[in-house]
Novice: 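Take a look at this one; I'll ask things after.
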Amino acid sequence: MGEAADGKYDFDLVVIGAGSGGTRAARFSAANYGAKVAIIELPFAFIPDEKHGGAGGTCVIRGCVPKKLLVYGSEFRDQFADARGFGWEIEGEPSFHWKRLIEKKAKEIARLNGVYNGLLKDAGVEFIEGFGSFKDPHTIEVKLAAGGSRTVTAKYILIAVGGRAVKAPIDGAEHAITSDEALALGDLPEKKTVVTVGAGYISLEFASIFHGMGMDTHVLIRKDAPLRGFDKECCAQVTENMELKGVHLHLETSPTKIEKNSDGTLTVHYEEKNGKKGSIDAGLVMFGTGRKPNTDKLNVEAAGLKLEESGAVKVDRYSRSSVPHIYAVGDVTNRIDLTPVALMEGMAFAKTVFGGQDTPSDHINVASAVFIQPPLATVGMTEEEAKEQVKGDVDVYVSKFRAMKSTITGSKAKTLIKLLVEVETDKVIGVHMVGPDAPEIMQGVAIAIKAGAKKHDFDTTVGIHPSSAEELVSMRSKTRRINGSG
């Protein structure tokens with residue numbers, strides 16, 4: 001590793017946190033632009049705490065990747081049942097071994113952690129294992145994992161420490177787990193009832209996972225619908241589909257207390273909006289009630305750094321904080337908490353600071369997905385956002401149907417595909433889908449939306465038949481017209 005460009009400092013860049021965004025910024029700053037870079041991260045572990053984290057961060061170790069592996073595993077229950085509808089004879093009920101899946105998952109995640117370490121090493125980034133916090137605006141003090149401490153200085157500092165799962169503040173919350181522990185459970189509980197708490201995608205995804213593993217699954221949702229911020233019509237379809245599969249969604253219901261019983265089971269007490277109280281006896285309770293930025297122990301005051309009320313680092317569109325040489329990317333900024341967004345922000349940072357290309361982060365038309373069964377995927381505006389932000393008329397196209405495979409398997413779950421079109425420009429401003437393969441389909445659609453595709457472009461595209469995706473280019477008659485007040 002060469003010398004820092006500015007001899008006043010040990011490094012051109014020090015990155016705190018080796019998750020997706022931090023690793024991308026460190027690698028490209030060093031390998032593509034010749035910066036002298038160090039990255040600070042805690043030792044690897046599947047469940048994080050004050051002394052453990054690991055290269056790859058939340059997504060790779062205890063988020064998107066292991067969750068998707070469990071999603072795959074949970075889908076086979078329905079697939080075995082579907083196979084009978086297509087003439088396959090399966091004697092008895094297939095057996096499932098949670099421990100085997102978790103062991104396989106752990107092996108793959110450990111491999112990916114090694115890949116991240118290798119990528120940083122190959123890029124010439126110095127990996128410092130420990131916990132870093134500010135000593136002054138240009139100095140980071142590292143409590144080394146091996147013992148002792150080390151002080152490093154840098155011309156630029158990038159905060160990429162992500163966030164952590166939080167529990168609702170109720171009595172007995174200590175008896176519940178979060179997604180961190182759920183992804184590393186030694187085994188499923190003997191009592192085959194699980195309660196997840198929360199209306200967001202984490203709670204619903206794990207509800208689908210547990211249900212797919214044969215658990216009697218309940219979801220406590222404080223509001224009148226799940227997935228706040230997603231298109232309401234799609235959320236209604238998600239609710240219908242999950243309930244048809246046998247997941248119990250308790251809307252307008254909040255947990256009040258969790259009790260641990262003498263046999264190790266848990267009793268979740270809850271209260272509905274109308275005041276009615278009840279309880280569920282469960283083997284496992286998981287909170288999916290959000291995440292909090294990991295800034296409370298960074299000693300940001302020593303750097304003069306301003307935080308938002310949530311604890312997130314306040315940044316501009318270049319990811320620059322209130323201190324000009326200190327930047328932040330990823331979940332710690334509380335913008336869009338998605339791994340590909342953190343990667344984009346990290347790349348934009350490297351280009352801006354070391355590549356001589358002013359590159360703002362682009363958070364417009366970011367596609368996303370919820371990996372429930374069947375999944376939800378989306379890009380662009382929801383119908384509710386269009387009403388508020390678009391000035392003028394918006395045509396809404398909706399197609400709702402049973403996927404071809406379901407006509408033989410007997411599944412009653414519906415696929416919903418929805419387009420929003422700005423009438424004045426003919427521009428497609430939102431696309432939403434609930435149904436099999438929705439995330440895979442939506443990734444391709446997102447390119448078209450990013451390129452400014454119009455409804456005419458959709459209409460003149462020849463569909464692939466037979467497929468659910470062909471509905472995207474087959475909808476000719478609008479379902480309704482709404483008037484935007486933007």
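Because only heavy atoms are used, hydrogens play no part in the values below, and waters and symmetry mates are left out as well, while side chains stay in. Here the structure is a predicted model, which means the values were calculated and not measured.
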Novice: Please answer whether the main-chain N or O of Lys414 pairs with a side-chain N or O of Asn241 as donor and acceptor at a distance below 3.5 Å.
Specialist: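 Yes; at least one donor-acceptor contact below 3.5 Å.
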Novice: So, Thr139 and Thr153: side-chain donor and acceptor under 3.5 Å apart, yes or no?
Specialist: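 No - no donor-acceptor pair under 3.5 Å links their side chains.
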Novice: Just verifying a value: how many Å separate Ser254 OG and Ile170 CD1, rounded to the nearest 0.5 Å?
Specialist: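 The OG atom of Ser254 sits 9.5 Å away from the CD1 atom of Ile170.
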Novice: Any carboxylate oxygen within less than 4.0 angstrom of a Lys/Arg side-chain nitrogen, looking at Glu129 and Lys143?
Specialist: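 A salt bridge is absent here (no side-chain N lies under 4.0 Å from a carboxylate O).
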Novice: Tell me, with the steps shown, if His363 and Met344 meet side-chain contact (heavy atoms from CB on, under 4.5 Å).
Specialist: CA-CA 9 Å; His363 298 96; Met344 174 269 293; 4.1 Å; yes
Novice: Could you check whether atom NZ of Lys450 has more than 12 heavy atoms from other residues, nucleotides or ligands sitting under 6.0 Å from it?
Specialist: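 It does: Lys450 NZ has more than 12 such atoms within range.
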Novice: Mind checking whether Tyr9 and His138 have parallel, tilted or perpendicular rings, split at 30° and 60°?
Specialist: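 Correct class here is parallel.
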Novice: Locate the shortest heavy-atom distance separating Thr239 from Pro226; write the atom from each residue and the value.
Specialist: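 Heavy atoms only, the tightest pair is OG1-CD, 3.2 Å.
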Novice: Got a second to check how far Ile326's CD1 is from Ile157's CD1, nearest 0.5 Å?
Specialist: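 That separation rounds to 5.0 Å.
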Novice: More than 12 heavy atoms of other residues, nucleotides or ligands under 6.0 Å from CD of Glu50: yes or no?
Specialist: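 It does not: Glu50 CD has 12 such atoms or fewer within range.
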Novice: Is there a side-chain contact between Ile159 and Tyr327 in this structure, where contact means two heavy atoms from C-beta onward sitting under 4.5 Å apart?
Specialist: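 SC-SC contact between Ile159 and Tyr327 ruled out.
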Novice: For Arg320, I'd like to know if atom CZ has over 12 heavy atoms of other residues, nucleotides or ligands within 6.0 Å.
Specialist: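 Yes, enclosed.
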Novice: Are Gln373 and Ser74 close enough, and set up right, to give a side chain to side chain donor-acceptor pair (under 3.5 Å), and what steps lead you there?
Specialist: CA-CA 9 Å; Gln373 297 174 27; Ser74 69; 2.6 Å; yes
Novice: Begin with the C-alpha distance, continue with both residues' side-chain angles, and end with the deciding distance and a verdict on ring-ring contact (aromatic ring centres under 6.0 Å, His included) for Phe354 and Tyr156.
Specialist: CA-CA 10 Å; Phe354 296 107; Tyr156 296 99; 5.6 Å; yes
Novice: Checking Glu422 against Thr425: is there a side-chain donor and acceptor pair closer than 3.5 Å?
Specialist: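 Looking only at side-chain atoms, Glu422 and Thr425 do form a donor-acceptor pair, the distance falling under 3.5 Å.
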Novice: Do Thr253 and Ile221 come close enough that some side-chain heavy atom pair is under 4.5 Å?
Specialist: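 Thr253 does not reach Ile221 side chain to side chain.
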Novice: Check for a donor-acceptor pair, side chain of Glu470 on one end and backbone N or O of Ser467 on the other, with a separation under 3.5 Å.
Specialist: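 Answer holds: yes.
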Novice: Would you say NE2 of His456 has more than 12 non-hydrogen atoms from neighbouring residues, nucleotides or ligands within 6.0 angstrom?
Specialist: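 At most 12 heavy atoms, drawn from other residues, nucleotides or ligands, come within 6.0 Å of this atom.
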Novice: Does Glu440 have more than 12 heavy atoms from other residues, nucleotides or ligands lying within 6.0 Å of its CD?
Specialist: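 Counting neighbours around CD of Glu440, 12 or fewer heavy atoms of other residues, nucleotides or ligands fall under 6.0 Å, so no.
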Novice: May I ask you to decide whether Glu345 forms a salt bridge with Arg335, counting only side-chain N to carboxylate O separations under 4.0 Å?
Specialist: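 Salt bridge present between Glu345 and Arg335.
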Novice: Testing the 3.5 Å rule here: is there a donor-acceptor pair between the side chains of Gln237 and Lys400?
Specialist: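 Looking only at side-chain atoms, Lys400 and Gln237 do form a donor-acceptor pair, the distance falling under 3.5 Å.
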Novice: Apply side-chain contact (heavy atoms from CB on, under 4.5 Å) to the pair Ile417 and Val398, showing each step before the final yes or no.
Specialist: CA-CA 6 Å; Ile417 296 180; Val398 180; over 6 Å; no
Novice: I'd like to know if Asp395 pairs up with Arg481 as an ion pair, taking the criterion as any Lys NZ or Arg NE/NH1/NH2 lying under 4.0 Å from an Asp or Glu carboxylate oxygen.
Specialist: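 Yes, charged N to carboxylate O under 4.0 Å.
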Novice: Can Glu233 and Lys418 be counted as an ion pair, charged N to O under 4.0 angstrom?
Specialist: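 Salt bridge: yes.
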Novice: Are any of the side-chain heavy atoms of Ile177 and Phe287 separated by less than 4.5 Å?
Specialist: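 Result no, sub-4.5 Å side-chain heavy-atom pair not found.
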Novice: Quick check: does any side chain N or O of Ser203 sit under 3.5 Å from a backbone N or O of Gly288, one acting as donor and the other as acceptor?
Specialist: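 Not at all, since once roles are kept as given, no pair shorter than 3.5 Å links the two residues.
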Novice: Taking all atoms of both residues into account, what is the closest heavy-atom pair of Val323 and Ala303, and its distance?
Specialist: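 Reported closest heavy-atom pair: CG2-O, 3.3 Å.
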Novice: Consider side chain to side chain donor-acceptor pair (under 3.5 Å). Of His432, Lys232, Arg480, which one does Glu383 pass it with?
Specialist: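 The single option meeting the side chain to side chain donor-acceptor pair (under 3.5 Å) with Glu383 is Arg480.
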Novice: Given the rule in the salt bridge (charged side-chain N to carboxylate O under 4.0 Å, His left out) test, do Arg150 and Glu141 qualify, once you have shown the distances and angles that lead to the verdict?
Specialist: CA-CA 6 Å; Arg150 176 182 172 185; Glu141 185 171 5; over 6 Å; no
Novice: Hey, are Glu41 and Lys51 close enough for a salt bridge, meaning a charged N less than 4.0 Å from a carboxylate O?
Specialist: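 Answer for the salt bridge query: no.
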Novice: When you measure from the side chain of Thr289 to the backbone of Val166, do you find a donor-acceptor pair of N or O atoms at a distance under 3.5 Å?
Specialist: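 Looks like yes, one N/O pair under 3.5 Å.
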Novice: Output yes when a side-chain donor or acceptor of Asn32 lies under 3.5 Å from a complementary backbone atom of Ser29, and no otherwise.
Specialist: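 Here the side-chain-to-backbone pair does not exist.
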Novice: Is a donor on one side and an acceptor on the other found under 3.5 Å between the side chain of Arg24 and the backbone of Gly346?
Specialist: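 Not confirmed, Arg24 side chain does not pair with Gly346 backbone.
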Novice: In Å and rounded to the nearest 0.5 Å, what is the OG1 to NZ distance from Thr178 to Lys167?
Specialist: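 Rounded to the nearest 0.5 Å, the OG1-NZ separation comes to 6.5 Å.
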Novice: Side chains of Met442 and Thr378: does their closest heavy-atom pair fall under 4.5 Å?
Specialist: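 Not touching, per the 4.5 Å side-chain cut-off.
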Novice: Can you say whether the rings of Phe44 and Phe46 are parallel (under 30°), tilted (30 to 60°) or perpendicular (over 60°)?
Specialist: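 Ring orientation of Phe44 relative to Phe46: perpendicular.
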Novice: Near Gln389 CD, under 6.0 Å, is it more than 12 heavy atoms from other residues, nucleotides or ligands?
Specialist: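 Correct, the count exceeds 12.
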Novice: Less than 4.0 Å between a side-chain N and a carboxylate O, is that true for Arg111 and Glu108?
Specialist: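 The answer is yes: the pair qualifies as a salt bridge.
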Novice: For Glu301 and Asn299: C-alpha separation, side-chain torsions, deciding distance, then whether side-chain contact (heavy atoms from CB on, under 4.5 Å) applies.
Specialist: CA-CA 5 Å; Glu301 298 83 3; Asn299 194 28; 3.5 Å; yes
Novice: Looking at every heavy atom in both Ala176 and Ile258, which two are closest together, and how far apart are they?
Specialist: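 Looking at all heavy atoms of both residues, the shortest contact is CB-CD1, 4.0 Å.
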Novice: Between atom CD1 of Ile109 and atom NZ of Lys104, what is the distance when rounded to the nearest 0.5 Å?
Specialist: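 So the CD1 of Ile109 and the NZ of Lys104 are separated by 14.0 Å.
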Novice: With a 3.5 Å distance limit and no angle check, can you tell me whether Asp393 reaches the backbone of Asn483 through a side-chain donor-acceptor pair?
Specialist: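 Flag not set: sc Asp393 to bb Asn483 has no pair under 3.5 Å.
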Novice: Between Thr339 (side chain only) and Cys59 (backbone N and O only), is there a donor and an acceptor less than 3.5 Å apart?
Specialist: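 No; judged by distance alone, with no hydrogens or angles, the pair does not exist.
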Novice: Is a donor from one side chain sitting under 3.5 angstrom from an acceptor on the other, for Ser399 and Glu471?
Specialist: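 Present: a donor and an acceptor within the cut-off.
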Novice: Kindly compute the distance separating NZ (Lys273) from CD (Glu252), expressed to the nearest 0.5 Å.
Specialist: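 Reported value, rounded in 0.5 Å steps: 4.5 Å.
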Novice: Going from OH on Tyr397 to CG on Leu420, what distance comes out if it is rounded to the nearest 0.5 angstrom?
Specialist: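 Rounded to the nearest 0.5 Å, the OH-CG separation comes to 11.0 Å.
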Novice: Could you please spell out the steps behind the side-chain contact (heavy atoms from CB on, under 4.5 Å) verdict for Ser208 and Met242?
Specialist: CA-CA 8 Å; Ser208 283; Met242 291 189 74; 3.8 Å; yes
Novice: Is a salt bridge present between Asp459 and Arg476, judged by a nitrogen-to-oxygen distance below 4.0 Å?
Specialist: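 Answer for the salt bridge query: yes.
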Novice: Would you check if Lys105 and Leu70 make a side-chain contact, meaning some heavy-atom pair closer than 4.5 Å?
Specialist: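 They are in side-chain contact.
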Novice: Check the pair Glu205, Lys67 against salt bridge (charged side-chain N to carboxylate O under 4.0 Å, His left out), reporting the backbone distance first and the verdict last.
Specialist: CA-CA 8 Å; Glu205 287 176 338; Lys67 173 202 71 184; 3.0 Å; yes
Novice: Any sub-3.5 Å donor-acceptor pair from Arg62's side-chain atoms to Gly53's backbone N or O?
Specialist: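 Yes; judged by distance alone, with no hydrogens or angles, the pair exists.
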Novice: Taking the side chain from Thr295 and the backbone from Gly311, do they hold a donor-acceptor pair closer than 3.5 Å?
Specialist: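 Checking the backbone N and O of Gly311 against the side chain of Thr295, a donor-acceptor pair under 3.5 Å is found.
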Novice: From the options Ile140, Val15, Leu144, select the one residue that forms a side chain to side chain contact (heavy atoms under 4.5 Å, CB included) with Ile128.
Specialist: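 For Ile128, the side chain to side chain contact (heavy atoms under 4.5 Å, CB included) test succeeds with only one of Ile140, Val15, Leu144, which is Leu144.
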Novice: With no hydrogens and no angle check, do the side chains of Thr58 and Arg164 hold a donor and an acceptor under 3.5 Å apart?
Specialist: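 Their side chains do not contain a donor-acceptor pair, so the 3.5 Å distance test is not met.
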